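The chains referred to below are lettered A, B, ... by the order of the sequence lines, with proteins before strands, and numbering in each begins at 1. Bear in mind the structure is a predicted one, so any value in this text is a computation, not a measurement.
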There are 2 protein chains.
Amino acid sequence: METPKTPLSIDTRIREGLSRVGMVLRVDEWNRAKATGLNPTQLSILTLLEGREKDGLGVKEIAAHLGVSQPTATDSINALERKGFLAKRQGAADKRAVSVVLTADGASALNATDTGEGLAAQAIGALDHGEQEDLLVTLIKMIRRLQEADAIPVQRMCVTCRYFAPFAHADAARPHHCKFVDAAFGQRELRIDCRDHVEADPASRAATWDAFQTG
Amino acid sequence: METPKTPLSIDTRIREGLSRVGMVLRVDEWNRAKATGLNPTQLSILTLLEGREKDGLGVKEIAAHLGVSQPTATDSINALERKGFLAKRQGAADKRAVSVVLTADGASALNATDTGEGLAAQAIGALDHGEQEDLLVTLIKMIRRLQEADAIPVQRMCVTCRYFAPFAHADAARPHHCKFVDAAFGQRELRIDCRDHVEADPASRAATWDAFQTG
DNA sequence: CGTTAATATATAGGAGTCCTATATATTTTC
DNA sequence: GAAAATATATAGGACTCCTATATATTAACG
């Protein structure tokens, strides 16, 4: 009957929980990816490039999004280039730079991986609607904090978008408004990575966040 | 002005959010591990073995906890054995089996990695107390579901422990009771991986969960 | 009781991730 | 225009991670 060591803080236990769930996400990704001969890292890169077909992304940006070093990103990009799933174009203005874009093959490989079912979806499905919504909002809050702290690159979330008008409507089910598509939407529809995102300037971003939080 | 493709379900967006946060967890782990010459996978294994010094764990079990194949687990275990951070003992009853245990060196390497600060801790710190608590409970709910579905191995959580008496006290701050240490504790103290965990039988596990949920 | 099936782990082989350190080519800066 | 900063690539090495298969034991069953 040992007494437990230093009692763990709630931070630590949340991290433990996130890491368990994260493990399952990774397993799902292996299953998704296997069919197309990809692995989770490669799948992440293709996903990242989807919806950025205009400008592509630089090697450094990809590394930052993946949370790996730049040479590692080069490695994985090369692996995908060999497979013909993406292409490197020389940067227009800056000749040092490179612009990585999805090829047609890459896009179809991505579509071939059915994103539908998986263990993670099952776990999320075990939550009721309110919990799902709260979880989404909590994650958004965490991600935003990391973004504000420059710990991760800019995410294309509604809450930092210039087109986002939080709580613009009285309708409790669809309180928010997207000025880009000019439509109302609900908390449950909040995006983590919207292809139409345009970052708002810091001042209005802060104001938007404030309005979003105080609901 | 492209119209967005098929609108993503909330499942998908929660997965996106979890994966962003998971990326940060991984970066934190690299930073933690680097000092001791480890990598995140190795760190996970050592963490897993901590608090199981009596019986150790089998290769297969370690693989299941990590969500990797058995040969991969063998690889990583061998790497750690080379470094002297763990040892393999032959199984007592079953001579095929192996029991992997932490060595003293392994334990101190683990302690050397300061678990304190990191990006994830910062992101979690951005949440208020209520949100942290809700997040912890939500994660527990998800993990339990995965466990019940045999998608992940048994986790040593309070909610599946025979010593756990949910909402046994009137005190709102410390409603739960742990019959092992015979003490009251709060939602915020719920464990994800308790070394004193003993799995309850299915029937009482279900009853406990029910009591916990309807709290 | 002995053959067959199941289990726990290890090996083999190979692609790819991931790191640090450093080289190369271009901007940028003063 | 030289020095500092930036974007990417290379080199070298440890390790992760897979599938397929081999080995040793234990369990199952006719």
Side-chain angles (χ1 to χ4, degrees), chain A residues 23 26-46 55-101 153, chain B residues 23 26-46 55-101 153:
Chain A
M23 182 273 271
R26 196 111 190 132
V27 169
D28 276 351
E29 282 200 316
W30 265 111
N31 291 333
R32 258 189 82 187
K34 250 183 307 195
T36 48
L38 296 169
N39 64 36
T41 303
Q42 295 177 351
L43 197 54
S44 297
I45 294 178
L46 295 188
D55 306 313
L57 274 181
V59 172
K60 195 180 183 165
E61 292 170 292
I62 292 175
H65 273 282
L66 262 57
V68 299
S69 69
Q70 170 263 309
T72 294
T74 296
D75 275 350
S76 293
I77 290 166
N78 287 342
L80 284 167
E81 196 181 22
R82 254 177 272 132
K83 295 180 185 176
F85 288 161
L86 55 75
K88 284 192 265 192
R89 295 187 309 212
Q90 206 187 36
D94 189 336
K95 279 179 198 152
R96 292 167 305 181
V98 123
S99 168
V100 180
V101 289
Chain B
M23 182 272 272
R26 197 111 189 133
V27 169
D28 276 352
E29 282 199 316
W30 264 112
N31 291 333
R32 258 189 82 187
K34 251 183 307 196
T36 48
L38 296 168
N39 63 37
T41 303
Q42 294 176 352
L43 196 55
S44 297
I45 294 177
L46 295 187
D55 306 313
L57 274 181
V59 173
K60 194 179 184 170
E61 292 169 292
I62 292 176
H65 274 281
L66 263 56
V68 299
S69 70
Q70 170 264 309
T72 294
T74 296
D75 274 349
S76 293
I77 290 166
N78 287 343
L80 284 167
E81 196 180 22
R82 254 178 272 131
K83 296 180 186 177
F85 289 159
L86 56 74
K88 284 191 267 191
R89 294 187 310 213
Q90 207 187 35
D94 189 335
K95 279 178 198 150
R96 291 168 305 180
V98 123
S99 168
V100 179
V101 289

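For C:dT9, the base has no donor-acceptor partner in the side chain of B:R96 [N/O atoms by modelled type, under 3.5 angstrom].
Phosphate contact (OP1/OP2 of D:dT25, side-chain N/O of B:K95, threshold under 4.0 Å): absent.
The number of heavy-atom neighbours closer than 6.0 Å to NZ of A:K83, taken from other residues, nucleotides and ligands shown, is above 12.
The salt bridge (Lys or Arg N to Asp or Glu O under 4.0 Å) check on B:R96 picks up B:D94, with sequence neighbours excluded.
One can place CG of A:D94 at 13 Å from P of D:dA9, the figure rounded to the nearest angstrom. Distance, B:L86 CG to C:dT9 P: 14 Å, rounded to whole Å. The distance between atom CG of A:N78 and atom P of D:dT10, rounded to the nearest whole Å, is 7 Å. Distance CD (A:E61) to C1' (D:dT6): 13 Å, rounded to an integer number of Å. As a whole-Å value, the separation of B:K60 NZ from C:dA10 C1' is 14 Å. Here the C1' atom of nucleotide D:dT25 and the CD atom of B:Q90 are 10 Å apart, to the nearest Å.
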Where protein sits on nucleotides 13-20 of chain C, one letter per nucleotide: B base, S sugar-phosphate only, - none, heavy atoms under 4.0 Å: ---SSBBB

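Residue B:A63 is classed as having no contact, given no heavy-atom separation below 4.0 Å to the nucleic acid. Within the nucleic acid shown, B:A33 has no heavy atom closer than 4.0 Å to any nucleic acid atom.
Minimum heavy-atom separation, A:A63 to A:Q70: CB-CA, 3.9 Å. Between B:L38 and B:L80, the shortest heavy-atom contact is CD2-CD2, 3.7 Å. Of all heavy-atom pairs between B:S76 and B:T41, the closest is OG-CG2, 3.8 Å.
Side chain of B:S99 to backbone of B:D55: a donor-acceptor contact under 3.5 angstrom is found.
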Worked check of side-chain contact (heavy atoms from CB on, under 4.5 Å) between B:N78 and B:E81: CA-CA 5 Å; B:N78 287 343; B:E81 196 180 22; 3.9 Å; yes

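Among the nucleotides D:dA5, C:dA10, D:dA9, the one closest to the side chain of A:K88 is D:dA9.
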